[in-house]
**Q** 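This is the structure I have questions about; it appears just below.
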There are 2 protein chains.
Amino acid sequence: MTRGDIFDPACPTRLLLDRVGGKWVAMAVKVLAEAHPGELGFAELERRMPGVSHKMLAQTLRTLAGDGLVMRRVEPVIPPRVHYRLTPLGLSLDAPLAVLREWAETHMAEVAAHRRIASPAE
Amino acid sequence: MTRGDIFDPACPTRLLLDRVGGKWVAMAVKVLAEAHPGELGFAELERRMPGVSHKMLAQTLRTLAGDGLVMRRVEPVIPPRVHYRLTPLGLSLDAPLAVLREWAETHMAEVAAHRRIASPAE
DNA sequence: CGGAATCCCTGCCGATACTG
DNA sequence: CAGTATCGGCAGGGATTCCG
């Protein structure tokens, strides 16, 4: 099966990129992976992800939890405290993302240089 | 530098995902990588990327060319024929994407299963 | 035939405000 | 403190049309 992947409407890579392409997903996975196997509270995550809005963090975590990539643990206290950690599945996703990070850090300057040549005036 | 990556506004990974996350970028890179070092005409690309619209293919290729990931060769004939091929830079991007594809093909079923459990009713 | 420009719609994401 | 609901701005991307 060489053409059964990206070309299907339900192509796995397409589906993955739709999720990982989200603005905060990659960052959340990285932060949680760095903390692994420890947990991080909501506020702690917010602190470690500068610029994320309250809403988007909650939404991102909810999606990731729904996908089985992160585990949610609720402490039934007042005020409520919720902790997040990567599942094994979520942790396994960090490797491919790390490869992507590595490529980006190595080559994005080159890409930026090309862009500058291609569109000098703007 | 451990925190200098995703957290910067100009974080390379963020920038990369903004591009690769585009609906047709990953597919185009894969198709061109499979054809490498051969070239593909516009029509040929359109054929190999089912579902892509005329406009989005042109736009995707223009962006990739502007980023220095693909090379454009125009045959000055009537009607005009344009051929595309990956640059070495673009070819190097295929490796990280291949890793992502591999992860997706291995684990996306698992992700889908979790989603089904998380939201059985819709 | 390749591609650029236009129109429109949809979904993401941010800000704000409210519940427990 | 954690989470949700609502609103609005904005960009991605699809269909169509016109130019070379």
Side-chain angles (χ1 to χ4, degrees), chain A residues 6 9 11 14-28 31-32 35 39-67 70-85 115 118-119 121-122, chain B residues 6 9 11 14-29 31-32 39-67 70-85 118-119 122:
Chain A
I6 310 209
C11 144
R14 179 73 259 132
L15 293 173
L16 177 62
L17 281 173
D18 282 343
R19 291 153 195 279
V20 173
K23 194 168 178 181
W24 302 105
V25 178
M27 194 186 299
V31 168
L32 286 168
E39 296 179 324
L40 290 177
F42 189 91
E44 182 68 16
L45 278 163
E46 204 167 10
R47 274 208 315 105
R48 299 199 189 189
M49 296 168 59
V52 72
S53 74
H54 207 73
K55 167 193 168 183
M56 286 317 296
L57 181 54
Q59 184 174 303
T60 300
L61 290 170
R62 183 151 35 101
T63 301
L64 289 175
D67 288 347
V70 312
M71 179 85 103
R72 240 185 87 148
R73 188 171 64 83
V74 183
E75 264 186 275
V77 298
I78 307 283
R81 252 172 289 169
V82 188
H83 299 267
Y84 296 89
R85 63 188 294 246
R115 281 219 63 77
S119 56
E122 183 66 29
Chain B
I6 310 209
C11 143
R14 179 75 259 130
L15 293 173
L16 176 62
L17 281 173
D18 281 344
R19 290 154 195 279
V20 173
K23 194 169 179 182
W24 302 104
V25 178
M27 194 186 301
V29 170
V31 168
L32 286 169
E39 295 178 326
L40 290 177
F42 189 92
E44 183 66 17
L45 278 163
E46 204 167 11
R47 274 206 317 105
R48 299 199 189 190
M49 296 168 59
V52 72
S53 73
H54 207 73
K55 167 193 167 184
M56 286 317 295
L57 180 55
Q59 183 175 304
T60 300
L61 289 170
R62 182 152 32 102
T63 301
L64 288 175
D67 288 347
V70 312
M71 180 84 103
R72 243 186 85 154
R73 188 171 64 84
V74 182
E75 263 186 275
V77 299
I78 307 284
R81 252 172 290 171
V82 189
H83 300 266
Y84 297 88
R85 62 188 294 247
S119 55
E122 185 69 29

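Only a predicted model underlies this, so the values are computations on that prediction, with no experimental measurement involved. Here is how names work: the chains are called A, B, and so on, in the same order as the sequence lines, proteins then strands, and each is numbered from 1.
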**Q** Round to the nearest Å and state the distance from B:Tyr84 atom OH to C:dC1 atom P.
**A** 15 Å

**Q** Measuring only between side-chain heavy atoms, which start at C-beta, is A:Leu61 closer than 4.5 Å to A:Phe42?
**A**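 A:Leu61 vs A:Phe42: side chains touch.
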
**Q** Just the rounded figure in Å: distance from C1' of D:dG12 to CD of B:Gln59.
**A**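 Spelled out: CD on B:Gln59 to C1' on D:dG12 is 8 Å.
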
**Q** If you look at every strand shown and take non-hydrogen atoms under 4.0 Å, does B:Gly22 touch a base, only sugar-phosphate, or nothing?
**A** sugar-phosphate

**Q** Which nucleotide sits closest to the side chain of A:Met56: C:dG2, C:dC13, D:dG14?
**A** C:dC13

**Q** Taking CZ from B:Arg81 and C1' from D:dG20, how many angstroms apart are they, rounded to a whole number?
**A** 16 Å

**Q** Which nucleotide, D:dC1, C:dG3, D:dA2, lies nearest any side-chain atom of A:Ala43?
**A**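 Of the candidates, D:dA2 comes closest.
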
**Q** Would you kindly give the CE-to-P distance between A:Met49 and C:dG14, to the nearest whole Å?
**A**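 Spelled out: CE on A:Met49 to P on C:dG14 is 10 Å.
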
**Q** Any donor-acceptor pair, under 3.5 Å, between the side chain of A:His54 and the base of C:dG14, if you only look at N and O atoms?
**A**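 Flag unset: no donor-acceptor pair detected.
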
**Q** Nearest 0.5 angstrom please: B:Leu64 CG to B:Met71 CE, how far?
**A**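 Atom-to-atom, B:Leu64:CG and B:Met71:CE are 14.0 Å apart.
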
**Q** What is the distance from CE of B:Met27 to P of D:dG13, rounded to the nearest Å?
**A**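 The answer, rounded to whole Å, is 12 Å.
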
**Q** Nearest-Å distance, CD (A:Glu46) to C1' (C:dG14)?
**A** 13 Å

**Q** Calculate the interatomic distance between B:Leu57 atom CG and D:dG13 atom P; express it in whole Å.
**A**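 Taking CG of B:Leu57 and P of D:dG13, I get 13 Å after rounding.
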
**Q** Let me know the distance between CG of B:Asp18 and P of D:dA11, rounded to the nearest Å.
**A**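 Taking CG of B:Asp18 and P of D:dA11, I get 12 Å after rounding.
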
**Q** Just verifying a value: how many Å separate A:Leu17 CG and A:Arg19 CZ, rounded to the nearest 0.5 Å?
**A** 11.5 Å

**Q** Taking the minimum atom-to-atom distance to the side chain of B:Trp24, which one of D:dG14, D:dG3, C:dA15 wins?
**A** D:dG14

**Q** Compare the minimum distances between each of D:dG14, C:dA4, D:dG3 and the side chain of B:Ser53, then state the nucleotide with the smallest one.
**A** D:dG14

**Q** Does the base of C:dG14 carry an N or O that pairs as donor and acceptor with the side chain of A:Lys55 under 3.5 Å?
**A**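 Between C:dG14 and A:Lys55, which were checked side chain against base, a qualifying N/O pair under 3.5 Å is present.
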
**Q** Test A:Met49 against every option in A:Met27, A:Met56, A:Glu44 by the side chain to side chain contact (heavy atoms under 4.5 Å, CB included) rule and name the one that passes.
**A** A:Met27

**Q** Would you kindly compare A:Gly51 and B:Pro80 by the position of their nearest DNA chain C nucleotide and give the one closer to the 5′ end?
**A**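 Result: B:Pro80.
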
**Q** Below 4.0 angstrom from OP1 or OP2 of C:dG3, is there any side-chain N or O of B:Arg72?
**A** yes

**Q** Any side-chain N or O of B:Arg62 below 4.0 angstrom from OP1/OP2 of C:dA4?
**A** yes

**Q** On DNA chain D, check which nucleotide each of A:Phe42 and B:Lys23 is closest to and give me the residue with the more 5' one.
**A** A:Phe42

**Q** Can you tell me how far the CD atom of A:Glu39 sits from the CD atom of A:Glu75, to the nearest 0.5 Å?
**A**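 Going from the CD atom of A:Glu39 to the CD atom of A:Glu75 covers 8.5 Å.
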
